[in-house]
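Structure record follows, encoded as structure tokens.
Counting starts at 1 for both ligands and their atoms, in listed order.
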Amino acid sequence: MITTLITGANGEIGHSLLETLSSQPDRKIIALDLAPLGDALARHVHVHVQGDVSDPNVVAQLDQHDIDEIYHLAALLSTSSEKNPEGAHNVNVNGTMGLLMMARRIGTRTGKAVKFLFPSTIAVYGMKSIEEKNNAGAVTEFEHLQPTTMYGINKVYCEQLGAYMSDRFGQLTDERGAKVLDFRALRFPGLISATTVPTGGTSDYAPEMIHAAAQGKAYACFVRPDARIPFMAMPDGVKALLDLAAAPMENLTQRVYNIGAFSPSAEEIAVKVKSAFPSAEITYAPHPQRQAIVDSWCGDVNDSAARRDWGWTPDFDMERAFNEYLMPIISQVYAG
Ligand code: SER
């Protein structure tokens with residue numbers, strides 16, 4: 001029996017991850033979310049804790065379980081974080097620190113390293129100009145790490161915090177060297193789900209455009225037609241989390257991995273949406289601050305380390321993402 005904690009279980013990745021994990025035998029799932037779980041999700045879950053990940057009383061409840069692996073998905077995304085930077089720091093950083101400490105306690109208690117899967121983001125990159133972005137091409141994990149957003153800063157710090165907590169925690173004390181925590185992070189591109197829409201992100205224009213068209217609603221895109229960042233279909237995001245979790249520790253040469261799938265401009269997404277929904281009405285009304293955030297993110301990622309170390313390869317390029325995942329499912333979602 002594997003005991004798995006999912007924080008932010010009600011969020012977009014949480015939904016898809018829960019559905020996938022629920023089909024696996026011998027798994028006890030503990031779900032944490034601020035909000036109650038809907039019936040569809042609740043039936044996959046053995047223990048539901050409702051509360052804030054940064055609340056020590058909530059962590060104390062979770063700590064009662066001998067957890068084997070944690071998917072720490074709870075976070076405020078980039079646009080929400082700019083609206084509430086202090087709140088973002090509390091959830092994204094203090095919440096993560098509390099869970100890392102809990103994971104160390106559990107690992108020490110059970111004698112088994114707790115796997116800690118952490119979704120990081122392309123928001124950790126910070127391009128100073130469009131020229132720098134265009135010249136950078138597909139960036140590796142170690143370049144252009146000068147984020148311009150609270151969210152990006154929180155995530156790049158927590159990547160390093162997770163590595164520290166796994167490898168060097170208390171390096172002047174006896175606690176060093178105990179293999180009680182095994183932190184692994186993925187830098188996600190913008191994720192696009194057929195069944196849910198994100199809230200509070202800055203890559204949201206792509207899923208918003210697609211879901212608006214599927215509902216016959218006009219959409220004013222908040223970035224310019226030429227804005228370009230990497231995106232991925234949600235099933236590939238979940239696959240990446242599970243594949244990284246399953247990778248033998250000795251194969252991993254780094255704790256943080258880029259993963260890529262496709263990197264369209266907003267206009268290229270709009271063209272694809274209009275070919276699937278010919279009556280879609282898409283206009284552009286760039287929001288200066290959100291445009292600046294997207295301009296600061298990389299245009300593409302180099303994911304060769306993930307491909308080499310744990311066999312990462314996306315199932316969905318843009319064609320397949322639209323034709324075989326998004327369009328067939330999204331039409332059903334709104335037809336119902
Ligand atoms: N989807 C995230 C956001 O827009 C970026 O990883 O905040």
For this session: Would you verify whether the NZ or CZ of Lys115 falls within 45 degrees of the ring axis of Tyr71 while also being under 6.0 Å from that six-membered ring's centre?
Result: no

For this session: Check whether the side chains of Ser265 and Asp226 place a donor and an acceptor atom closer than 3.5 Å, and report yes or no.
Result: no

For this session: Would you tell me whether Arg187 and Tyr125 have side-chain atoms, one donor and one acceptor, within less than 3.5 Å of each other?
Result: yes

Exercise. Any chance the side chains of Thr149 and Ser78 put a donor and an acceptor closer than 3.5 Å?
Worked result: no

Exercise. Applying a 4.0 Å heavy-atom criterion (strictly less than), which segment of Phe231 is in contact with ligand 1: side chain, backbone, both, or neither?
Worked result: neither

Seminar exercise, completed: for atom 5 (C) of ligand 1, nearest protein heavy atom and its distance come out as Thr121 OG1, 3.4 Å

For this session: Would you mind checking which non-hydrogen protein atom is closest to atom 1 (N) of ligand 1, with the distance to 0.1 Å?
Result: Ser203 OG, 2.8 Å

Seminar exercise, completed: When distances are taken from atom 7 (O) of ligand 1, the protein heavy atom at minimum range is Ser78 OG, 2.5 Å

Problem set entry | Partner set under side chain to side chain contact (heavy atoms under 4.5 Å, CB included) for His15, not counting sequence neighbours | Asn10, Leu41, Thr196

Exercise. To the nearest 0.1 Å, how far is atom 4 (O) of ligand 1 from its closest protein heavy atom, and which atom is that?
Worked result: Thr202 N, 2.5 Å

